[in-house]
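To start, the structure under review is shown below, and the notes come after it.
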Amino acid sequence: LHLGVTPFVIRKRYNLTAQDVGSGTTNNSQACAQFLEQYFHDSDLAKFMRIFGQSFPHQASVARVVGKQGRGHAGIEASLDVEYLMSAGANISTWVYSSSGRHESQEPFLQWLLLLSNQSVLPHVHTISYGDDEDSLSSTYIQRVNTELMKAATRGLTLLFASGDSGAGCWSVSGSHQFRPSFPASSPYVTTVGGTSFQNPFRITNEVVDYISGGGFSNVFPRPSYQEKAVTQFLSSSPHLPPSSYFNASGRAYPDLAALSDGYWVVSNGMPIPWVSGTSASTPVFGGILSLINEHRILSGRPPLGFLNPRLYQQRGAGLFDVTRGCHASCLNEEVQGEGFCSGPGWDPVTGWGTPNFPALLKTLINP
Amino acid sequence: SYSPEPDQQRTLPPGWVSLGRADPEEELSLTFALRQQNLERLLELVQTVSDPGSPRYGKYLTLEEVAELVRPSSLTLHTVQKWLLAAGARSCHSVTTQDFLTCWLSVRQAELLLSGAEFHRYVGGPSKTRVLRSPHPYRLPKALAPHVDFVGGLHRFPPISSSLKQRPKPQAVGPVG
């Protein structure tokens with residue numbers, strides 16, 4: 001029984017014991033980035049860990065803040081990112097990237113990309129809460145950002161992007177409705193994280209789709225070969241496919257993974273705040289768990305996981321709880337009546353391959 | 001001249017308000033994305049270092065090796081620097097991979113350099129975020145088409161509202177002991 005998602009609930013559901021924490025002896029590290037110009041306060045993290053972090057060894061302050069941290073109001077997103085990245089990836093050195101303090105004529109996400117191109121030493125895992133509708137961005141910009149994400153992948157960085165909180169999305173193109181994919185979630189060179197809820201919100205039970213979970217098919221990027229089999233299987237077997245005019249069935253499909261995104265407790269500006277929801281919550285949770293797996297890999301002399309998708313799709317969901325119930329939101333019209341894609345066995349464009357079962361996932365990702 | 005981003009949305013996103021034209025003498029910072037090289041090779045490397053079945057799995061590149069691979073040609077670097085200096089750009093900073101250049105210019109210089117651009121100040125969101133953006137498309141001299149992908153800082157607005165929501169407390173489903 002529980003009254004909202006806390007680190008205890010996350011660690012219980014994903015089978016993390018009190019021993020599943022960073023060793024504190026490696027160069028392992030993780031980072032979270034949000035571009036809302038929100039501030040993050042160390043005092044919130046310390047308070048959060050005092051309230052919710054007693055059952056596992058953890059760090060109560062971040063290792064590094066990149067970007068200015070003013071004395072402004074802390075933002076829920078900035079607080080939540082750090083608190084849950086450091087609860088799932090406990091006792092692992094954590095950086096916070098904050099775009100506050102940039103000049104008025106700069107673009108925060110672009111500045112983050114420049115940082116990636118200018119720092120030799122960076123954390124292995126990055127969780128990023130940022131996305132724009134694909135159709136609002138120029139193709140030149142999208143292709144160039146995609147190249148920047150490829151550069152990060154060749155360096156062994158794991159970039160996890162939130163899949164977005166508008167379900168399949170919806171917009172009207174020359175009078176008819178279509179789903180609206182989000183970028184960089186739709187980039188073939190990142191790992192995208194969707195969202196789930198507990199079937200019973202007060203019990204740690206199996207998970208179902210959180211209706212906000214972003215997902216769908218890119219209108220810009222063709223499907224990468226690593227996901228061809230899984231996505232074709234979904235398209236040929238799902239009993240709930242929306243009309244084909246709503247989406248580009250040959251596009252890069254996302255998300256790749258998921259985690260709980262509903263009903264989190266967050267401490268921000270000294271206040272514990274309940275029932276916070278969004279894929280900006282599920283993304284740091286999954287990021288922390290991948291950092292723990294990196295910890296074990298580094299301790300056994302292996303390189304960090306890097307760009308995960310080719311391996312993830314080869315392993316066909318091993319080590320993950322498959323989410324097979326529920327659909328996410330989409331266009332409110334007669335034709336689809338607010339329903340986008342629905343989850344099903346194996347990969348699906350709502351929860352990807354599913355949510356982490358840490359000991360099983362560690363077993364599948366520790367070697368080679 | 002040509003427009004590098006004809007399909008970039010320029011309508012004002014919800015929640016933003018225009019405060020009018022920027023002062024011509026104001027300083028602003030623009031980011032120039034320079035054309036990279038060897039992107040085919042980069043794509044191959046992404047696949048070989050990320051595929052567990054590849055002999056090169058996990059053998060990642062350093063930032064310096066990535067820079068060596070994608071660095072713009074010296075013609076690109078020279079052409080863009082000459083163009084920017086002639087326009088009065090100063091305090092230009094590059095990155096290790098040399099494929100981005102951030103420079104400071106006055107609004108007046110920027111509007112001359114990027115023909116068609118017109119910088120306005122906008123304010124938006126709960127934290128009253130302020131930005132300088134151009135509601136009009138910019139164009140570059142044709143000679144730069146092989147050297148510049150796009151110019152950052154003209155059209156895209158930062159997010160101002162979190163997509164996180166505080167949902168109402170769920171109603172108990174079934175008898176809760």
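Below, chains carry the letters A, B, ... as their sequence lines are ordered, and counting in each starts from 1.
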Contacting region of A:Pro274 [heavy-atom separation from chain B under 4.5 Å]: both
Option in B:Tyr57, B:Tyr122, B:Phe157 with maximal non-hydrogen atom pairs under 4.5 Å from chain A: B:Tyr57
Contact origin within A:Pro368 toward chain B - heavy atom pairs under 4.5 Å: both
Most chain B-contacting option - heavy-atom pairs closer than 4.5 Å, from A:Leu308, A:Asp262, A:Thr279, A:Leu3: A:Asp262
Salt bridge flag under 4.0 Å for residues B:Asp99 and A:Lys151: yes
Any B:Phe150 side-chain heavy atom under 4.5 Å of A:Ser138 side chain: no
Any B:Gln47 side-chain heavy atom under 4.5 Å of A:Tyr226 side chain: no
Minimum side-chain heavy-atom gap A:Tyr141-B:Asp7 below 4.5 Å: no
B:Thr48 portion near chain A, given a 4.5 angstrom heavy-atom threshold: neither
Segment of B:Val49 engaging chain A (4.5 angstrom heavy-atom cut-off): side chain
Residue, of A:Leu113, A:Leu305, A:Asn309, that accumulates the most heavy atom pairs under 4.5 Å with chain B: A:Leu305
Residues B:Asp149 and A:Thr140: side-chain donor-acceptor under 3.5 angstrom: no
Side-chain heavy atoms of A:Arg144 within contact of B:Gln36, under 4.5 Å: yes
Test item: B:Pro159 and A:Phe35 side chains (from C-beta on) under 4.5 Å apart, heavy atoms: yes
Which of B:Ser127, B:Gly58, B:Ser50, B:Ala33 touches chain A most, by non-hydrogen pairs under 4.5 Å: B:Ser50
Residue B:Arg121 versus chain A: region with a heavy atom under 4.5 Å: side chain
Enclosure of B:Glu40 CD (heavy-atom neighbours >12, cutoff 6.0 Å): no
B:Gln9 side chain vs A:Leu137 backbone, donor-acceptor pair below 3.5 Å: no
Residue A:Leu110 versus chain B: region with a heavy atom under 4.5 Å: side chain
Shortest non-hydrogen contact from B:Leu39 toward A:Met150: O-CE, 4.3 Å
Between CD on residue B:Glu27 and OG on residue A:Ser105, distance to nearest 0.5 Å: 9.5 Å
Interface residue of largest heavy-atom contact number with chain B, from A:Pro303, A:Gly131, A:Ser261, under 4.5 Å: A:Pro303
Interchain contact, B:Leu69 with chain A, by part (heavy-atom threshold 4.5 Å): neither
Cation-pi geometry met for B:Arg156 and A:Phe109 (6.0 Å, 45°): no
B:Thr97 versus chain A, the contacting section by heavy-atom distance below 4.5 Å: both
Side-chain touch B:Pro52/A:Gln314, heavy atoms, less than 4.5 angstrom: yes
Region of A:Glu148 in contact with chain B, defined by heavy-atom distances below 4.5 Å: side chain
Approximate separation, where rounding is to 0.5 Å, of B:Leu61 CG and A:Arg155 CZ: 9.5 Å
Nearest heavy-atom neighbours spanning A:Leu116 and B:Leu63: O-CD1, 4.0 Å
Over 12 non-hydrogen atoms of neighbours within 6.0 angstrom of CZ in A:Arg325: no
B:Leu42 portion near chain A, given a 4.5 angstrom heavy-atom threshold: both
B:Glu64 side chain to A:Ser120 side chain, donor-acceptor N/O pair below 3.5 angstrom: yes
From CA spacing to verdict: side-chain contact (heavy atoms from CB on, under 4.5 Å), A:Asp165, B:Lys165: CA-CA 9 Å; A:Asp165 297 337; B:Lys165 295 284 178 294; over 6 Å; no
B:Ser29 and A:Gln106: side chain donor to acceptor below 3.5 Å: yes
Residue B:Leu34 versus chain A: region with a heavy atom under 4.5 Å: backbone
Interchain contact, A:Gln111 with chain B, by part (heavy-atom threshold 4.5 Å): side chain
Residue, of A:Gln34, A:Glu77, A:Glu107, that accumulates the most heavy atom pairs under 4.5 Å with chain B: A:Glu107
Side-chain heavy-atom pair A:Thr154, B:Tyr60 within 4.5 angstrom cut-off: no
Residue selection (most heavy-atom pairs with chain B, distance under 4.5 Å) from A:Leu80, A:Leu36, A:Val276: A:Leu36
Chain A interface, residue from B:Asp51, B:Leu132, B:Thr31, B:Val66 that has the most non-hydrogen pairs under 4.5 Å: B:Leu132
Closest-packed option against chain B by number of heavy-atom pairs under 4.5 Å, given A:Pro310, A:Ser277, A:Gly156: A:Ser277
